Structure formats: structure tokens, C-alpha cells
Colleague: 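Quick one: the structure is below, questions incoming.
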Amino acid sequence: MDILKHLNPQQADAVGKTDGPILILAGAGSGKTKVLTYRMAYLLKEKGISPFNILAVTFTNKAAGEMKERLEKILGPKAKDLWLGTFHSTGLRILRKDGQYIGIDPNFIVYDDDDQLALVKLCMSELNISDKSFSPRAILSHINQAKNEALSVNDYAASVDDFFRQRVAAVYKLYQGKLKQNKTLDFGDLICEPIRLFQQAQPVLEKYQKRFRYILVDEYQDTNRAQYILISMLSAVHKNLCVVGDEDQSIYGWRGADIRNILEFEKDYPDVEIIRLEQNYRSTKNILAAANSVVERNIKRIGKTLWTENPDGALVTYQMARDEHHEASLLFEKVEDLRRKNSLSYKDFAIFYRTNAQSRIFEEHFIRSGMPYHIVGGLKFYERKEIKDAVAYLKVVANPSDSLSLMRIINTPPRGIGKATIDKVSSFGAGQDIALFDAFKLAMGKGLIPRNKDQGFIAVIEKFNGLSDKLSIHELAKMLLEESGYIKMWEDEKTEEAEARIENLHELISAMRDFEKGREKATLADFLDHVALISDIDTFEDEHNRVTLMTLHSAKGLEFPVVFMVGMEEGLFPHSRSINADDENELEEERRLCYVGMTRAMRKLFLFGARERTIYGESRFQGQSRFIDEIDPNYLEIISPNHSTPLGTDFKSVPKWEQGGLNEPRIVYDDFHDNNPWKIGIKIKHPSFGIGIIKAKEGAGEDAKLTIIFPGSGQKKLIAKYISLVEA
DNA sequence: CGGCACAACCTTTTT
DNA sequence: GGTTGTGCCG
Ligand SMILES: Nc1ncnc2c1ncn2[C@@H]1O[C@H](COP(=O)(O)OP(=O)(O)OP(=O)(O)O)[C@@H](O)[C@H]1O
């Protein structure tokens with residue numbers, strides 16, 4: 001029973017009640033993920049449940065990895081039998097095992113979103129839908145949305161009511177047909193196809209229902225309709241379903257997350273036990289109160305209590321920089337300062353931003369300063385052209401029916417096979433109902449196109465297709481890229497850029513070698529699955545001592561001692577595309593995102609913004625984010641630049657690095673506290689105005705200018721030394 | 001068919 | 001600011 005010892009009574013309750021449906025509804029940092037992990041440990045250790053009988057679903061691969069690691073510490077190698085992964089990896093696993101029961105080719109591969117878009121474009125051009133009249137992205141997003149709701153082609157077609165949706169339905173139908181022809185599945189299919197499998201092959205469903213006696217789902221507020229259906233099917237027999245979530249942290253509505261899954265859980269499982277966790281173990285009182293004051297503005301929420309025994313800590317600090325470079329240099333100053341004064345390491349700091357594009361400026365500063373850093377997500381490596389080409393080669397070897405990937409590489413390097421040839425062969429193939437790859441073979445055999453048109457390409461692919469059992473995957477990739485002439489294509493360029501690309505290709509090969517380690521057999525399909533699902537070459541590892549950069553979305557579920565949220569500007573966060581007068585929903589989601597970001601901070605939270613920012617090459621002035629205004633001023637300290645700089649001074653003529661700090665107040669952080677006695681948020685007494693609250697501060701020391709709100713007399717700007725403090 | 005130059009448009013967030 | 005798509009010419 002020592003497992004329960006580390007938990008508070010509510011948590012222990014949630015862990016110990018193993019049978020029947022349970023909904024754990026709780027705020028940030030209350031130990032939801034901890035409860036889930038302990039619940040698994042409890043089932044395995046105390047109740048003697050076999051790992052074979054447990055399915056746990058997390059939202060990200062990162063979360064799954066962390067949980068697995070913790071369980072391995074408790075369980076040892078036995079943890080391997082446990083199914084623990086994202087919805088998508090779980091669906092994939094089911095389909096790799098049993099997909100053949102509904103006619104899914106065992107060699108199928110998974111398309112990423114670029115492949116999806118390319119396929120949509122192909123479908124549109126075949127249907128003579130111009131991409132000017134309808135954006136392929138918009139159509140794809142509707143197809144994805146349909147899959148989020150588990151709507152098949154027929155379901156969708158039946159529901160269309162306007163012209164646009166009619167077109168979408170037509171594309172969806174062709175798109176789905178092509179996926180099948182190419183023996184590929186997209187992300188949505190990884191959820192929808194298992195549902196179809198379970199509907200059409202009852203014995204398969206029963207097998208999984210029997211197996212998964214205990215099912216656990218983390219981040220339940222961000223599950224979509226299709227995922228809900230899948231989980232309902234799997235848990236229908238044992239009903240030992242434990243879901244964990246926080247409606248205030250629902251930030252994936254745009255991806256089909258349906259908050260009703262959590263709000264109506266009680267309706268679906270009338271005998272549900274609802275457990276609330278109300279103690280936050282992560283953040284200081286100030287951080288928690290500031291975050292709550294923001295999310296409380298949302299109208300659509302259940303509302304909940306959240307308290308902490310942690311110390312007050314420092315106030316949340318907001319500062320608006322001149323521009324994004326200044327923002328970055330402020331941040332660097334603070335990191336170095338706090339690191340020295342509080343003996344923190346680089347890994348204790350995290351930078352969160354709304355959009356990936358914002359990471360670039362910071363990355364430049366990191367490179368220049370030599371400070372160790374790590375950008376999570378952003379999908380950079382696998383988005384490079386050379387890597388996508390190389391992966392397309394691997395896909396075609398693993399599955400020659402993948403015509404889309406074939407089209408990508410058949411003329412890379414140039415083999416004299418352009419649009420005309422591809423059109424000719426592809427319509428020839430369509431007539432025979434065969435894949436493009438086979439059509440090429442046949443067309444060359446029949447002399448429809450010159451016998452040697454492919455310059456040995458087909459033979460190379462077939463050779464490696466035949467060798468895939470005999471070679472390790474990294475050897476195969478290496479030889480394939482050499483013999484196909486792909487590496488040589490870059491070598492011949494003899495530019496520095498091409499060198500870098502070759503370097504990246506080597507990195508891909510060594511990533512494959514790493515992949516082979518730690519699993520007894522690693523097939524090409526395994527690796528391609530991994531690429532499709534993870535697509536982040538070095539996943540977040542906290543043993544490295546470096547500053548972490550990531551989007552607010554990726555930050556969900558993590559925690560850091562010091563957090564910087566940057567780009568706190570109207571239009572950037574909340575993002576302009578979510579500010580609709582007619583729809584508060586998207587704005588509320590942004591606000592929840594703000595809450596998620598703020599509640600990642602354990603000890604100190606900084607909010608930075610820029611007065612001027614360059615977006616798409618032109619400079620823009622956007623006011624401070626409304627979320628700043630929404631924070632209860634009692635928990636916020638605003639550092640404003642002092643405006644003593646003479647008017648008309650041209651900032652641009654002064655080098656950037658010299659500007660930094662010139663007109664900034666010197667604020668010393670000692671154990672996260674500002675030594676200056678006139679802290680923002682505290683009460684003071686003025687000889688003539690009476691009691692007031694300090695709202696903002698410019699400058700430091702006894703000459704600092706303070707903005708103070710007096711209940712009687714309104715807002716005043718005063719010099720610090722003329723104020724007497726009310727109780728410490 | 002291949003390469004280059006210019007335009008347009010953009011990404012908000014991710015499995 | 002950068003990428004992706006186009007149109008033209010050799
Ligand atoms: N009973 C407890 N005693 C001490 N620390 C705890 C306890 N429960 C949770 N914690 C700590 O609180 C922190 C937050 O826990 P956890 O990540 O599980 O919360 P969460 O509810 O999943 O958070 P969020 O929803 O914000 O991601 C972790 O550092 C965890 O170790």
C-alpha cells in the first residue's frame with residue numbers, strides 16, 4: 001500500500017477505486033497525470049493485474065514516453081506488455097495487427113499532412129476543381145474534420161447542404177479511394193479505421209475488449225468524437241474506464257476536440273464516480289491566482305476550486321519590449337541573472353510562444369550567445385526537402401503502390417521523366433487499374449515509353465524491396481540513396497547548401513541506426529510509422545541542461561521552475577484569427593491556452609511582449625495582449641520603460657545591443673523577489689491621497705516612478721520616496 | 001524537359 | 001521574411 005502514501009486523500013481515492021468508470025476532473029498541477037501513473041502502478045503491483053490487460057492513452061508521445069519511463073522504474077521490463085501511447089499510435093498498432101480483416105494491406109504506410117495535401121491537390125485536379133476557387137487546405141481541413149467526427153465518405157455525402165461541401169464530398173470520396181489504391185492511411189484513418197474494423201469484425205472487437213480490462217485516458221478534454229467512439233467500444237465490456245481532464249485546458253477544439261466528451265461523461269456512464277482534485281502542487285500562490293484570474297473570464301466553464309500550500313512567491317512580471325529583438329535580449333538578461341542569483345540551471349527555464357515562427361529570433365540569439373537551448377516540435381528535420389525525398393524513397397521501397405511518393409522521387413534526380421510522361425503512364429495505369437509503379441514497368445515493357453526511360457530506377461526499387469529482410473534498415477537506406485543516384489545529385493551541386501543536405505541525409509541514416517537499437521527487429525515499416533507519428537528527431541529530454549523553447553500547445557502537461565511567455569500582444573496572442581466578434585469560442589480557447597501556459601510555471605512567470613514586431617516583413621505595432629489586462633493586478637508587476645529618453649531620439653540609429661538596458665529599470669531579483677520595497681500590488685499610504693495599490697513601476701530605487709490607484713482619487717503617478725508604506 | 005526568375009501568399013496551434 | 005507556385009525560355 002506504499003503506493004498510496006505519496007498521494008493526498010482525493011488522489012489516493014482516485015487510484016484505489018479501480019473498478020467502474022471514473023472521471024477525474026481537476027485543475028492544473030493537481031496531480032492528474034501523477035494519479036494516472038500511480039493508478040497503473042497500483043493495478044499492476046497491488047492488484048496483480050497483468051500489463052497485458054491495460055491500455056493507457058496519452059495525448060503526446062512525450063507524455064507517453066515519460067509515463068513509460070516512470071512505470072519501468074516501478075515494474076522493470078514487464079512494462080513492455082503494456083499498451084501505452086497516443087490515440088494514433090494505438091490505432092496504428094491495432095491496424096498493423098488486425099487491419100487485414102477489413103482489407104487493409106499489411107504493407108500500408110502512413111501519410112503525413114504534406115502527403116495529405118498533395119493527395120488532395122491531385123484529387124482536385126482530377127476532378128477539375130481549380131485550386132483558385134477552393135483552397136486545397138480548406139478542403140483537406142474539412143476532410144480531416146469529418147474524420148474527427150468519424151464520418152465516412154457516405155456519412156459526409158449524406159450531410160452536405162451547400163456547394164462547397166458537395167465539392168468536399170467529391171474530393172473526400174476520390175481521396176479515400178486513392179489512399180486505398182496507394183495502400184496508405186492518413187492520421188484520421190488511424191482512429192476511424194479501427195472503428196470500422198470493430199464494427200465489421202465483431203470477434204476482433206471482442207478480443208480487444210477482453211484484453212483491455214482497464215483503460216486510462218489522459219487529457220480527456222482534448223479527445224474528439226472519433227476517439228470517444230473508439231474508447232467507448234473498447235471499454236464497453238469491462239467498463240473500467242478512467243479518464244482524466246480539465247475543461248480549462250481544452251486547447252485543441254480546432255482539431256476536433258469535443259469538450260462534450262468530458263461534460264457529458266456522466267450521461268454516458270451514469271454510475272460514474274467523479275473525483276475532483278483541488279490542491280495544486282506545482283505553482284506559487286501568485287502564479288496560480290494570476291492564472292485563475294484570467295481563465296475565470298471564460299463564460300463556458302464548469303468552474304473549480306484550486307488552492308496551494310506553496311509560498312506566495314514572486315509576482316508575475318510583465319514587460320513590453322521595444323521589438324522582438326529587445327524582447328529576446330531582455331529574456332537573456334533575465335535568464336543569466338536568475339541563473340546566477342538562484343543557482344538555477346538552463347534546463348529550469350522554458351520559453352513559450354504562440355506561433356512557431358517566433359522561435360527564429362530566439363534561436364538566432366541563442367546561437368549568438370552560445371547559451372544551450374532546444375526547440376521542441378516545429379517539425380524541422382523531417383520537413384526538409386532532402387529528408388522528405390529520402391523518406392519518399394523508403395516509402396516506395398516499403399510499398400511500391402504508393403504512387404504519390406513515387407511521383408515525388410521518380411524524377412529526382414532528373415531522369416527525363418516530366419509531367420507529360422507521368423500523365424501518359426498514369427492514364428495508362430488507370431485504364432488497367434494498376435498502380436503507377438506497375439504501370440511504368442508495363443509501359444516500358446510494351447514500348448509505350450522508351451525501354452530505358454527510367455534509367456534503372458524501377459530495378460533499384462525492386463532490388464531493395466527484395467532485400468528488405470536481409471539488410472538492416474540503415475544499411476538499406478544508405479545503399480538505396482547511393483544506388484538511386486540521390487546522394488550523387490547533391491554531391492554534383494558542389495555548393496555549401498548541398499553539403500548541408502548531404503549532412504542531413506547522414507543524420508537520417510544515423511537516426512535509423514539509433515532506431516534499430518533497443519528493439520529486436522526494426523522493419524522499414526516500423527521506422528516509417530515512427531517518422532509519421534513522432535516526427536521530432538530528438539524528443540524532449542530533460543537530462544540535457546538547456547533552455548527549452550516550444551509553442552504553448554506543446555507545453556501542455558509539462559512544468560518548469562521559470563517560464564517566459566513571449567509575444568503577449570493583441571493579434572499574436574490572442575491570435576488575430578481567433579478574434580471574431582461573432583464567435584467567443586475561439587477567444588475562450590486562446591484564453592485557456594494562456595491559462596495552460598501560465599500554470600506550467602512553478603516559481604516565476606514572466607510575460608513579455610513587443611511594442612513593434614515585424615510580421616511577414618513589415619513592421620506592426622500591436623497593443624499589449626488583453627490577457628495582460630485580465631490578470632488581477634494584485635498578482636502582477638508591470639515593468640514599463642521610463643520615458644525619460646528625449647522625444648525624437650531615433651532608436652534605430654543606436655546599435656541594438658547598446659539600447660538594451662539603457663532605459664530599462666534595474667531590477668534585482670533575489671530568490672525571485674524584487675528587493676525594491678515598492679513592489680507592484682502592495683498597499684501604500686500617501687500623506688494626502690490615503691491608501692492605494694501600486695499598479696506599475698518605472699525606474700528603481702527611491703526615485704522610481706510608481707503608478708498608484710487610490711480608491712478615492714483615481715490613478716496617480718508618484719515618486720517612491722514621498723510615499724509611506726502601510727504594513728510590510 | 002529542366003532551370004531560373006518573379007509573384008503571391010502565408011501558418012495559429014499538432015497527432 | 002521565406003516558401004511555394006507560376007510562367008517563360010533555352
Ligand atoms: N500528492 C502530491 N504530493 C506532492 N507533489 C505532488 C502531489 N501530487 C502531484 N504532485 C506534483 O505536482 C506536479 C503536477 O502534477 P501533474 O503533472 O500530475 O499534474 P496535472 O494535474 O497532470 O497537471 P496539468 O493538468 O497542469 O498538466 C508534479 O510535479 C507532481 O509531482
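For clarity, every value in this text was computed on a predicted model and none was experimentally measured.
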Colleague: Which nucleotide in the set B:dT15, B:dT12, B:dG2 lies at the smallest distance from any side-chain heavy atom of A:Arg255?
Modeller: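 Shortest atom-to-atom distance from the side chain points to B:dT15.
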
Colleague: Looking across every strand, which nucleic acid part, if any, lies under 4.0 Å from A:Leu572 by heavy atom: base, sugar-phosphate, or nothing?
Modeller: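 A:Leu572: no heavy atom of the nucleic acid under 4.0 Å.
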
Colleague: Are A:His553 and B:dT13 stacked, counting the six-membered base ring, centres under 5.5 Å, planes under 30°?
Modeller: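 Stacking between A:His553 and B:dT13: absent.
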
Colleague: With rounding to whole Å, what would you report as the distance between B:dT12 and C:dG5 at their C1' atoms?
Modeller: 23 Å

Colleague: Can you say whether a donor on the side chain of A:His88 sits under 3.5 Å from an acceptor on the base of B:dT15, or the other way round?
Modeller: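 Flag set: donor-acceptor pair detected.
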
Colleague: Is the distance between the ring centroids of A:Phe362 and A:Tyr373 under 6.0 Å?
Modeller: no

Colleague: Assess, by modelled atom type and distance only, whether the side chains of A:Asn585 and A:Lys300 contain a donor and an acceptor separated by less than 3.5 Å.
Modeller: yes

Colleague: Whole-Å distance between C:dG7 C1' and A:Lys419 NZ?
Modeller: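 In whole Å, C:dG7 C1' and A:Lys419 NZ are 14 Å from each other.
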
Colleague: Taking only side-chain nitrogens and oxygens of A:Asn144, does any of them come within less than 4.0 Å of OP1 or OP2 of B:dT14?
Modeller: no

Colleague: Expressed as a whole number of angstroms, how long is the span from A:Tyr616:OH to B:dT11:P?
Modeller: 7 Å

Colleague: Measure centre to centre between the rings of A:Tyr208 and A:Phe198, then say whether the value is under 6.0 Å.
Modeller: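 Between A:Tyr208 and A:Phe198, the centre distance is under 6.0 Å.
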
Colleague: With a non-hydrogen cut-off below 4.0 angstrom, is A:Lys556 in contact with a base, only sugar-phosphate, or nothing?
Modeller: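 No contact.
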
Colleague: Measure CD/A:Gln116 against P/B:dT14 and give the value in whole Å, please.
Modeller: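 After rounding, the reported distance stands at 16 Å.
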
Colleague: Is the ring of A:Phe87 stacked on the base of B:dT15, with centres less than 5.5 Å apart and planes under 30° off?
Modeller: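 Not stacked by the 5.5 Å and 30° rule.
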
Colleague: Could you tell me whether the phosphate oxygens of B:dT14, OP1 or OP2, come under 4.0 Å of any side-chain nitrogen or oxygen in A:Thr60?
Modeller: no

Colleague: Rounded to whole Å, how long is the line connecting atom CD1 of A:Ile615 with atom C1' of B:dC9?
Modeller: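 For the pair A:Ile615 CD1 and B:dC9 C1', the rounded distance is 15 Å.
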
Colleague: Could you tell me if A:Glu386 and A:Tyr486 have a donor-acceptor pair between their side chains, going purely by distance under 3.5 Å?
Modeller: no

Colleague: In whole Å, I'd like the distance from the OH atom of A:Tyr220 to the P atom of B:dT15.
Modeller: 20 Å

Colleague: Rounded to the Å, how far apart are A:Asp189 CG and B:dT15 C1'?
Modeller: 13 Å

Colleague: If you measure from the Lys or Arg side-chain nitrogens to the Asp or Glu carboxylate oxygens, is any gap between A:Lys32 and A:Asp218 under 4.0 Å?
Modeller: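 Result for this pair is no, no salt bridge flagged.
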
Colleague: So if I take every side-chain heavy atom of A:Asn61 and compare against B:dT15, B:dT12, B:dT14, which nucleotide ends up nearest?
Modeller: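 Per side-chain heavy atoms of A:Asn61, the pick is B:dT15.
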
Colleague: Quick one: is B:dT11 close enough that its OP1 or OP2 comes under 4.0 Å of any side-chain N or O from A:Arg137?
Modeller: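 It does, given that an N or O in the side chain of A:Arg137 lies less than 4.0 Å from OP1 or OP2 of B:dT11.
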
Colleague: Looking only at side-chain N and O atoms, does A:Asn356 come under 4.0 Å of OP1 or OP2 in B:dT13?
Modeller: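 Affirmative; the distance criterion is met.
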
Colleague: For atom CD of A:Glu503, decide whether the heavy atoms of other residues, nucleotides or ligands shown that lie under 6.0 angstrom number more than 12.
Modeller: no

Colleague: Between B:dT15 atom P and A:Tyr382 atom OH, what is the distance in whole Å?
Modeller: 14 Å

Colleague: With no angle test and no hydrogens, is the base of B:dT12 tied to the side chain of A:Arg577 by a donor-acceptor pair under 3.5 Å?
Modeller: no

Colleague: Can you tell me which nucleotide in B:dG3, B:dT14, B:dT12 comes closest to the side chain of A:Trp254?
Modeller: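 Output: B:dT14.
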
Colleague: Determine the contact category for A:Thr421: base if any of its heavy atoms lies under 4.0 Å from a base atom, sugar-phosphate if only primed atoms, P, OP1 or OP2 are that close, otherwise nothing.
Modeller: sugar-phosphate

Colleague: If you assign A:Arg415 and A:Tyr252 each to the DNA chain B nucleotide with the nearest heavy atom, which residue ends up on the more 5' nucleotide?
Modeller: A:Arg415

Colleague: Name the residue closer to the 5' end of DNA chain B, choosing between A:Ile422 and A:Leu593 according to the nucleotide with the nearest heavy atom.
Modeller: A:Ile422

Colleague: Atom NZ of A:Lys385 and atom C1' of C:dG5: how far apart are they, to the nearest Å?
Modeller: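 Distance check: A:Lys385 NZ to C:dG5 C1' gives 13 Å.
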
Colleague: When you check the phosphate oxygens OP1 and OP2 of B:dT12, does a side-chain N or O of A:Ser576 lie under 4.0 Å from one of them?
Modeller: no

